[in-house]
Every structure is written in C-alpha cells, then in structure tokens.
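Okay, so here's the structure we're looking at.
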Number of protein chains: 2
Amino acid sequence: MRIGEVAEKAGVSVRALRYYEEQGLLQAGRSPGGQRHYPDTAVGRVRLIQQLYAAGLPSRVVRKVLPCVDSGEVKAPPALLDQMAAERVRVDQRITDLLAVRDRLDDVIAVARDPDSDCSHVE
Amino acid sequence: MRIGEVAEKAGVSVRALRYYEEQGLLQAGRSPGGQRHYPDTAVGRVRLIQQLYAAGLPSRVVRKVLPCVDSGEVKAPPALLDQMAAERVRVDQRITDLLAVRDRLDDVIAVARDPDSDCSHVE
DNA sequence: CTAGAACCTGACGTTGACGTCAGGTGCAAG
DNA sequence: CTTGCACCTGACGTCAACGTCAGGTTCTAG
C-alpha cells in the first residue's frame, strides 16, 4: 500500500504518517523511486498510535511502549515495564479527573434543565 | 491574598495565574500600587480551571462554561447548554479511549509478568 | 509518450499554555 | 533610607502534532 491509501483507511492525514515515520513510530519500505509502501498491518498500527495520542500519552512514552504494545512481545526490560506501570497510574488518574469533570457537567446540565431541584451538592 | 500565595496554595505558577486573568478566567482586584489581590475563593477556582484543562477541554470552552460551573448559576442560555452537552459527549469519548488504553497496558504488563499465560486475545 | 494524480523533500506556520528574561516598581523590615 | 523580596508589564521562546506551501519526481492511465 502507498501512503495515501493507508492515510485514508486509518483516517489520518498523509502528513501525519510522514510525521510518525520521522518520530520512529512507523517504518515504511521504499519503492525504487523512493516512494513509501506499507504492509497491511500499518493501518492497525496507525489506529493504535491515534488511540494512544487520544488518551493523552506524551509522544516519548508512545515511542517507548509502542513496540511492546502492538507486537505483544515480552522482550520488555524491567525498566520499561516500570515506565508502563507508571503510565498506567497516570492514565488512571486522568480517568478519575475526567469522571469528575463529567459529573460536574452533568450537575450543571441537570440543574439548568430542572431548576426546581435545588443544588443539593452546593450544601 | 497576593498572587504568590494563591499560586502556592493552588499548586500552579504565578505566570499561569496572570495567564488565566489575561484569558478572562480569573478576575483579580488591584492594590493602589497595582498589585493583584485575590479572594480566598480564588484557590478553588484555580483548581477547577486546572481540572477542566486536565480533562482536555479547550480554553474557549473553559471560558464559556466556567462561570456556569462554579457559580451554579442557571442563567445558561440553551446554546451554551448544547455546548456543554456536546462537551460531555467528548469527555465520555475520552474516558472510553483511556479505558481501552489502560486495558492494553494491563495486558502487556500482565503478559510480561507471567509469560506462561499465553496471549489469548492475540488469538 | 504524455497528462495528471499521487508522491517526494525541505522548511516555515499554527495553536495552547504557559516559561523565561529584561527592566522597572511596591512594600514591609531594620 | 536602604535593602531586598515579591510583584509589575511587555515580549520573545518552547514543545507537540501536525498544516501548508514550494518546487521537483514517480507512477499509472490512455
């Protein structure tokens, strides 16, 4: 597959794919003329990258955990495992934050829709 | 309170507080000499701002929902409510993404810790 | 063979949430 | 009155994840 097809299938821009390669997140073979070509697995990998980014993981972390996460390899040195465990904690924290924010939004929306029920949580 | 004290209590930089004021997120009174002074409630408000930012809400959205969220006011026009509902959906999506990422991390960590249990999910 | 779509490599532009530096001021203490 | 720390206002720097433009090349269809 060439870059445009991968981009379309994965739902990202061509620029993004070149950026991922630049960052060492996604390798590509080259045709004799110099054009990139990707294996079919690239689409899934790109989706994974997007998912990690969407979760707010910093790129250096993505770069580190990616080979491990998508290959299922067990080669991970203990230091990397610690990193991943630490990142798990951070992800958990973010989830907690998001849940709190969601509850706040819900409160405000509920009160606005039904002003009669007073703000019990405001004491 | 002066700016330094608020910054310390809320766990943010002085620069951040000036930035919030610049963005219309946090008002401050001024001493005759021009120095900002804040009411005690400022600390909580700053924590709220941080929470919203941490949840990934864009600043323009924070700017819009903030007066509503922290005052509990019901003045919100319907358009703002729609915005907040839409934002709620986005927050929900982020939570879903994060849960998926957390599961992935857990898988990898579990496999690495106990290689005997094969990767059932990799089929 | 030729048009034109898709691709290539730089390289500079963008946005958000501040960091940081420069140069000057407010204010409480001794 | 002077020291000195906290504060002030610009204003430029930063980093990430690309967007976008310029100018040239490759590949595919007819």
TODO: With sequence neighbours left out, write down each residue that passes side chain to side chain donor-acceptor pair (under 3.5 Å) with R47(B), or none if nothing qualifies.
DONE: none
Open item on the list: Can you pull out every salt bridge (charged side-chain N to carboxylate O under 4.0 Å, His left out) where at least one residue sits in residues 49-60 of chain A? Sequence neighbours excluded, please.
Closed with: none
- [ ] Measure the distance from CD1 on I3(A) to C1' on dA5(C) and round it to the nearest whole Å.
- [x] 15 Å
TODO: Give a yes/no on whether any side-chain N or O of R36(B) is located under 4.0 angstrom from OP1 or OP2 of dC8(D).
DONE: yes
Task: Of all pairs that satisfy side-chain hydrogen bond (donor to acceptor under 3.5 Å, both in side chains), the ones with a partner from residues 10-22 of chain A, not counting sequence neighbours - done: Y20(A)-Q50(A), E21(A)-R30(A), E21(A)-R36(A)
Open item on the list: Quick check on dC18(D): is either OP1 or OP2 less than 4.0 Å from any side-chain nitrogen or oxygen of R18(A)?
Closed with: no
Open item on the list: Just the rounded figure in Å: distance from P of dA6(D) to CD of E8(B).
Closed with: 10 Å
TODO: Mind running a 4.0 Å heavy-atom check of residues 28-35 of chain B against DNA chain D and sending the residues that fall below it, in number order?
DONE: R30(B), G34(B), Q35(B)
Task: Which residue lies more 5' along DNA chain D, comparing R2(A) with V14(B) via nearest heavy atoms - done: V14(B)
Task: Euclidean distance, atom CD of residue E5(B) to atom P of dC5(D) [Å, nearest integer] - done: 19 Å
Open item on the list: Keeping R63(A) on the side-chain end and Q23(A) on the backbone end, is there a donor-acceptor pair under 3.5 Å?
Closed with: yes
Between the protein and nucleotides 13-18 of chain C, which nitrogen or oxygen pairs are less than 3.5 angstrom apart?
unit_1	atom_1	unit_2	atom_2	d
dA17(C)	OP2	S59(B)	OG	3.1
dC18(C)	OP2	Y20(B)	OH	2.9

Task: Between P of dC27(C) and NE2 of H37(B), the distance in whole Å - done: 11 Å
Distance-only criterion, 3.5 Å: show the donor-acceptor pairs between side-chain atoms of residues 81-91 of chain B and protein atoms not counting sequence neighbours.
unit_1	atom_1	unit_2	atom_2	d
E87(B)	OE1	R90(B)	NH1	3.2
R88(B)	NH1	D106(A)	OD1	2.6
R88(B)	NH1	D106(A)	OD2	2.6

Open item on the list: Measure CE/M1(B) against C1'/dA6(D) and give the value in whole Å, please.
Closed with: 16 Å
Open item on the list: Please report the distance, rounded to the nearest Å, between CD in E22(A) and C1' in dC15(D).
Closed with: 14 Å
